[in-house]
Amino acid sequence: MLKRLPALLLAAALSASSFLWSQVAQNTVNFWSKLPNDELAQRISDEMTDAELLSQTFMFGWAGAEPPELLYQWVERGLGSVKVFGWNTDDIYLVAKSISGLQKQAAEGRFQIPLFVATDQEGGWIRHVKGDTSITPGNMAIGAGGYPVDSWKTAYYISREIKALGINMNFAPTVDLFTDHDSSIIGTRSFGDDPDKTGVLGAAFVSGSEAAGVLSTAKHFPGHGDTSLDSHGKLPVINIDFDTFKNRELTPYLYLIKEKVPAIMSGHLSFPLIETSGAPASLSYYFLTDLLRNQLGYQGLIITDDMMMVGATVYAGTMSNSFKMALEAGNDIILSSTTAKLNEALWYKNLELMTLDGSFRDRVKDAARRVIKAKLDYFKSGNAAPLYPDADAIDSHIPDREGEKFFLEQACRSVTVEKQGSLPLTADKAGRVLLMGSLTSFFKAGHQRYPGAGEFHYTYETGPNETQWVLDNLPSVAPGYDTIIICVSSENHVKIAEYFKGSGKRVVILCNMTPTLTERLQWADSILLGYSWRCDYSLKAMLGAVNGEFVPQGTKPYN
């Protein structure tokens with residue numbers, strides 16, 4: 001009997017163990033369990049390992065045409081989100097295929113949690129998903145028109161296109177104010193310099209995105225508008241006092257928080273008169289937790305700007321420390337434009353810290369729970385982007401046919417007359433016309449209005465050597481023309497236009513980028529502002545205005 005006792009104890013232990021494991025199996029939940037979203041998010045985060053919690057807070061991008069095996073390994077580990085950058089997105093069918101593959105990998109995880117798939121499709125200048133997606137007039141054009149419905153519809157049609165590819169989160173709208181006119185990074189991405197107007201237009205953009213079924217992300221909190229520096233290269237320092245900050249930078253965010261914007265991107269921006277440590281807002285507990293969460297009452301996700309940008313790492317010192325500081329500050333998703341190796345310090349150091357520091361683990365768990373709750377609210381809403389997009393159906397969604405008609409109408413509403421001159425200028429008044437620009441659509445639309453017009457082509461991003469070549473060849477081309485219609489979108493284009501100063505010719509400037517480019521061109525007969533980079537709709541609208549087909553009503557959206 002004594003010899004049988006250990007065996008009986010072992011059997012009892014095995015029986016108890018089986019019972020416990022069966023109980024665990026019964027209690028285990030996954031993303032699709034039928035529980036209230038709040039309860040399910042808490043249950044999942046409670047059951048997660050430290051590695052699963054930390055993974056859920058990361059968002060990685062990839063550089064090649066297709067995601068590397070390394071990214072799939074991260075998804076297998078429990079990666080929460082991926083980012084589609086603009087490096088290899090001309091093949092939108094491959095983009096859809098890649099997203100589908102990553103989501104299938106995520107579905108095999110223990111909790112079957114889908115990925116957030118984000119991109120930057122702001123409209124206008126910033127358009128990371130290319131191919132046949134719409135090139136739209138953009139934010140400053142919306143600001144010039146001044147109609148919130150134009151912001152709503154812009155977001156709606158942009159979102160419908162990227163949604164067809166399986167992209168469910170858009171890093172837009174940009175609500176940075178056009179305060180520093182020398183800014184090389186904001187410019188026409190801004191709605192203008194009026195905080196309240198920006199808030200209204202930004203809130204309309206959020207609403208339009210939601211209607212189409214894509215999560216919007218307002219950026220760059222708390223405001224990138226009052227600096228000419230680009231945080232990709234260094235940490236911008238904005239020396240304003242709190243009263244200015246409160247009444248200017250924060251105002252748009254008050255509108256967006258009221259609109260329940262689902263996500264806000266924290267910027268790598270230093271405000272030393274407000275946060276005396278000099279920490280960028282993206283790594284600042286004061287800006288993200290004290291101010292944004294506690295004082296302004298924001299409940300949505302907070303996502304960092306790309307942590308590969310110098311503006312983040314220069315302050316933190318190392319990548320692993322910048323990830324740690326970003327989480328501690330209050331960010332819920334940490335964005336990296338590159339896929340980290342599986343054993344990098346940003347992973348193992350922060351994972352180790354979770355076992356050593358209970359408060360850090362609590363913060364990571366809170367961030368993961370927020371992410372999971374946001375995913376539950378979105379993917380179970382009935383209006384989410386497809387997890388496995390159908391590449392064969394893309395042509396019926398991109399470009400958006402309804403959107404094409406709208407964007408031309410919106411471009412017409414935004415065209416602004418900076419200098420009237422001889423306008424309108426019909427073919428019988430213009431004499432011999434020379435069209436100067438880059439885009440085929442410009443020359444086609446020009447010939448429709450001015451049959452027999454001459455053409456002079458230069459590239460859109462004209463370098464110094466090409467600029468000189470243009471200037472060297474104009475003397476042999478220009479004398480035979482009475483009217484010069486020239487597209488200006490860069491400083492080198494301004495230099496080309498200045499060739500005609502004092503020439504006695506009628507010069508019509510079509511400025512389709514930052515309006516400050518026209519400051520040296522006030523000698524021209526007429527100047528129209530279109531605000532948009534490479535946008536066929538804006539060029540067609542400006543040519544229509546030159547020809548007298550409508551009276552432009554746009555207003556320059558800054559002083």
Side-chain angles (χ1 to χ4, degrees), residues 188 411 415-550 552 556:
T188 56
V415 172
T416 303
V417 178
E418 184 166 329
K419 188 175 181 182
Q420 184 73 38
S422 303
L423 300 183
L425 198 61
T426 54
D428 58 326
K429 289 174 56 181
R432 292 207 63 206
V433 173
L434 176 63
L435 302 169
M436 296 184 63
S438 309
L439 302 182
T440 301
S441 58
F442 164 69
F443 293 105
K444 180 179 179 181
H447 282 297
Q448 290 173 348
R449 293 160 173 88
Y450 307 101
E455 298 183 8
F456 196 109
H457 295 249
Y458 44 82
T459 59
Y460 203 89
E461 297 174 347
T462 312
N465 291 336
E466 184 184 359
T467 299
Q468 190 58 52
W469 178 87
V470 172
L471 294 174
D472 290 343
N473 282 273
L474 279 175
S476 63
V477 175
Y481 296 97
D482 306 300
T483 298
I484 314 296
I485 302 178
I486 180 169
C487 296
V488 171
S489 57
S490 69
E491 286 290 341
N492 282 330
H493 294 172
V494 172
K495 293 178 183 178
I496 292 170
E498 286 182 319
Y499 170 84
F500 296 101
K501 185 177 182 179
S503 66
K505 296 184 183 297
R506 183 190 293 112
V507 177
V508 179
I509 303 292
L510 306 184
C511 182
N512 53 335
M513 198 49 186
T514 305
T516 53
L517 291 170
T518 65
E519 290 173 358
R520 286 167 31 203
L521 302 176
Q522 296 303 310
W523 50 265
D525 178 82
S526 308
I527 302 175
L528 292 181
L529 308 177
Y531 308 100
S532 190
W533 189 74
R534 290 183 180 269
C535 181
D536 292 350
Y537 303 115
S538 297
L539 287 170
K540 290 175 183 177
M542 285 191 283
L543 282 167
V546 172
N547 193 43
E549 295 161 26
F550 67 96
K556 190 187 293 186

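All residue numbers refer to positions in the sequence shown, counting from 1.
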Q: Could you please spell out the steps behind the side-chain contact (heavy atoms from CB on, under 4.5 Å) verdict for Tyr458 and Trp469?
A: CA-CA 10 Å; Tyr458 44 82; Trp469 178 87; over 6 Å; no
Q: Start with the C-alpha distance between Thr483 and Arg432, add both sets of side-chain angles, then the distance that settles side-chain contact (heavy atoms from CB on, under 4.5 Å), and finish with yes or no.
A: CA-CA 6 Å; Thr483 298; Arg432 292 207 63 206; over 6 Å; no
Q: Verify side-chain contact (heavy atoms from CB on, under 4.5 Å) between Trp523 and Val507, making sure each step is shown before the conclusion.
A: CA-CA 9 Å; Trp523 50 265; Val507 177; 4.0 Å; yes
Q: Under the side chain to side chain donor-acceptor pair (under 3.5 Å) rule, what do Ser422 and Asp525 come out as? Steps first, then yes or no, please.
A: CA-CA 7 Å; Ser422 303; Asp525 178 82; 3.0 Å; yes
Q: Let me see the working for Ser526 and Gln420 under side chain to side chain donor-acceptor pair (under 3.5 Å), right down to the final yes or no.
A: CA-CA 5 Å; Ser526 308; Gln420 184 73 38; over 6 Å; no
Q. For Gln468 and Lys495, what are the C-alpha separation, side-chain angles and deciding distance, and is it a side-chain contact (heavy atoms from CB on, under 4.5 Å)?
A. CA-CA 9 Å; Gln468 190 58 52; Lys495 293 178 183 178; over 6 Å; no
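Considering OG1 of Thr459 and CD of Glu466, their distance stands at 3.5 Å, rounded to 0.5 Å. Note: Leu543 CG to His447 NE2 = 11.0 Å, rounded to the nearest 0.5 Å. Put simply, NE2 on His493 and CG on Leu510 are 12.5 Å apart, with the number rounded to the nearest 0.5 Å. Note that the SG atom of Cys511 and the CG atom of Leu528 stand 10.0 Å from one another [nearest 0.5 Å]. For the atom pair CD1 (Ile484) and CG (Leu434), the distance works out to 4.5 Å, reported to the nearest 0.5 Å. To the nearest 0.5 angstrom, Met542 atom CE is 8.5 Å from Phe442 atom CZ.
Checking His457 against Ser438 by side-chain atom types alone, no donor-acceptor pair falls below 3.5 Å. Of the N and O atoms on the side chains of Tyr531 and Thr416, at least one donor lies less than 3.5 Å from an acceptor on the other residue. For the residue pair Ser538 / Asn512, no side-chain donor-acceptor distance below 3.5 Å is found, with atom types taken as modelled. Between the side chains of Ser490 and Asn492, no donor-acceptor pair of N or O atoms lies under 3.5 Å.
Of the possible polar contacts, none joining the Lys540 side chain to the Gly446 backbone as a donor-acceptor pair under 3.5 Å is found. A side-chain donor-acceptor contact under 3.5 Å links Lys429 to the backbone of Pro424. The backbone N or O of Phe500 lies less than 3.5 Å from no partner atom in the side chain of Lys505, so there is not a single donor-acceptor pair.
Residue Val415 comes nearest to Ala541 through the heavy atom pair CG2-CB, 3.7 Å, listed as atom of the first residue, atom of the second, then distance. The nearest pair of heavy atoms linking Ala524 to Ile509 is CB-CG1, 3.7 Å. Minimum heavy-atom separation, Gln522 to Lys419: O-NZ, 2.6 Å. Contact record, Pro479 with Ser476: CD-C, 4.2 Å, taken as the closest heavy-atom pair. Nearest heavy atoms, Ala478 versus Tyr499: CB-CE2, 4.4 Å. Minimum heavy-atom separation, Ala430 to Asp482: O-CB, 3.7 Å.
Just one residue in the list Leu474, Ile485, Val477 forms a side-chain contact (heavy atoms from CB on, under 4.5 Å) with Met436, and that residue is Leu474.
Residues Met513 and Arg534 are not in side-chain contact: their nearest non-hydrogen atoms beyond the backbone lie 4.5 Å or more apart. Side-chain contact between Ile486 and Val508 is absent, with no heavy-atom pair separated by less than 4.5 Å.
For NZ of Lys501, the number of neighbouring non-hydrogen atoms (other residues, nucleotides, ligands) closer than 6.0 Å is 12 at most.
Glu455 has no carboxylate O lying under 4.0 Å from a charged side-chain N of Lys444, or vice versa, which leaves the two without a salt bridge.
Taking the six-membered ring wherever Trp is involved, the centroid distance between the rings of Tyr460 and Trp533 falls below 6.0 Å.
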